[in-house]
Engineer: 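Right, I'll just put the structure down here and ask away after.
Both counts, for ligands and for their atoms, begin at 1 and track the order of listing.
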Amino acid sequence: MEFLLSDQHQMMQKMFYDFAQKEIAPNAAKYDETAEFPLENIKKLGAQGFMGIPIPEEYGGAGADFLTYILCIEEVSRACASTGVILAVHTSVGTFPILNFGTEEQKQKYVPKLASGEYVGAFALTEPGAGSDASALRTSAKRDGDDYVLNGTKIFISNGGHAQVYTVFATVDKGQGTKGITAFLVEKDTPGFKVGAIEKKMGLNADVTTELVFEDCRIPASQRLGKEGEGFKIAMSLLDGGRIGIGAQGLGIAQAAYDEALKYAQFREQFGQPIFNNQAIAFKLADMATEIEAARLLVYQAAFRKENGLPNGKQASMAKFYATDTAMKVTTEAVQVLGGYGYSREYPVERLMRDAKITQIYEGTNQIQRLVISKAIEKGL
Ligand code: CAA
């Protein structure tokens, strides 16, 4: 049993850290204030080859393993959580659908552009009446000759308006429940497809999140991903991997908050000494450090299992809920350690706390993760 990252992974981790601290972190507060999509960051990630880390070289990616990708999400999220999720959504549920389920033609058409960062990907599952119950989606896809005609509305779509290609889930027959759900690749400028309202959120502001509207949106059958009725399983299997990425995002956010809290506690003097000298503060730091370490082990273990073809759905859900609950707890405690300064925008911890909250909600709420885990336990997995 080996608990250390390999030399190669440690080298990549340092490279991601150096890059993210130098190129991404300095603008995180600005992007939070302006709620502007961080296009400059995405260009930088693309230039480094980070938009296609786990994508095979034959499709224009870096051909690295899943853990390397997870290390990148962690370090980018530590610098800017919005940029972290843009990268995670783009890769896990924006590019992998095509790589894993696309025809050779679809892969050639989209994957190299996604892997290079020329295109950003997006994943459109959620609807006003279908959040945790993804199977309740109502967007319809009606076959008409060689085309499908899509009608419906998606909400809370990360990268909405900035992605060039969207994996969209619609039903060809509502009566068939999950067995009617089918996946389609929809390009940004397809007639009948428009980007609707931009969500105003508590945090993660630069992760632009929008509504998507399909009004008699006609797409050729060649844009269907997989077979009719395979969409739900495609979505679920993608989310297994995606959730490890969100766990890594939570880890990055928690680490950033811990770093700030530790620095502050050792520097800030009250009653004639650094506040770290008080156990009330030092024990908070001890709890944070321990929970971050536990979260890291869960996230890396899930990534390792995925990379090595071992069952990983249960571990992905464990990693996601534990790491993101840790992010919420650690960021909240970091605000407390910094006191009034923690609540002030002068320091980053209030942003980290606002950013952490959504990680407990998206890619399946942390209650849904417990449902997935309990179902796996029931099956003896
Ligand atoms: N892989 C492959 N197939 C799977 C699967 C998986 N992980 N999980 C379930 N399935 C299959 C089942 O085997 C079953 O197939 P059969 O009918 O052939 O047996 C079928 O899918 C239906 O499974 P369930 O009966 O378990 O489905 P359910 O309706 O009870 O739903 C759920 C299960 C886990 C609650 C699911 O609805 C879910 O994950 N909900 C949360 C939705 C979610 O995560 N949304 C995230 C949106 S994307 C996002 O957030 C991105 C972002 O912005 C950051």
Engineer: May I ask you to check whether Thr126 and Tyr362 show a side-chain donor-acceptor distance below 3.5 Å?
Structural biologist: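 There is no such pair between these side chains.
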Engineer: Out of the candidates Lys14, Met15, Gln21, only one should pair with Asp18 under the side chain to side chain contact (heavy atoms under 4.5 Å, CB included) rule; please name it.
Structural biologist: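 Output: one option passes, namely Lys14.
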Engineer: Got a sec, which hydrophobics cluster with Tyr148, joining ILVMFWY side chains under 4.5 Å apart, including via others?
Structural biologist: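 Traced through the cluster, Tyr148 reaches Leu150, Ile157, Tyr166, Val168, Val172, Phe184, Val186, Phe193, Val195, Leu212, Phe214, Ile219.
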Engineer: One thing to verify: whether Glu378 and Lys375 come together as a salt bridge, which I'm taking to mean a side-chain N less than 4.0 angstrom from a carboxylate O.
Structural biologist: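 Judged by the 4.0 Å cut-off on N to carboxylate O distance, Lys375 and Glu378 do not form a salt bridge.
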Engineer: Is there a donor in the side chain of Gln360 and an acceptor in the side chain of Asp325, or the other way round, less than 3.5 Å apart?
Structural biologist: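 Yes - a donor-acceptor pair under 3.5 Å links their side chains.
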Engineer: Please check if the side chain of Glu346 supplies one atom and the backbone of Tyr341 the other of a donor-acceptor pair under 3.5 Å.
Structural biologist: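 Side chain of Glu346 to backbone of Tyr341: no pair is present.
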Engineer: Any protein N/O atoms within less than 3.5 Å of an N/O atom in ligand 1? List the atom names and distances, or say none.
Structural biologist:
unit_1, atom_1, unit_2, atom_2, d
ligand 1, 7 (N), Asp240, OD1, 3.4
ligand 1, 7 (N), Asp240, OD2, 2.9
ligand 1, 17 (O), Lys179, NZ, 2.5
ligand 1, 18 (O), Lys179, NZ, 3.2
ligand 1, 18 (O), Lys233, NZ, 2.8
ligand 1, 26 (O), Lys375, NZ, 2.9
ligand 1, 30 (O), Lys375, NZ, 3.2
ligand 1, 37 (O), Ser132, O, 3.3
ligand 1, 39 (O), Arg243, NH2, 3.0
ligand 1, 40 (N), Ser132, O, 2.8
ligand 1, 44 (O), Arg243, NH2, 2.8
ligand 1, 44 (O), Gly364, N, 3.0
ligand 1, 50 (O), Glu363, N, 2.7
ligand 1, 53 (O), Ser158, OG, 3.0

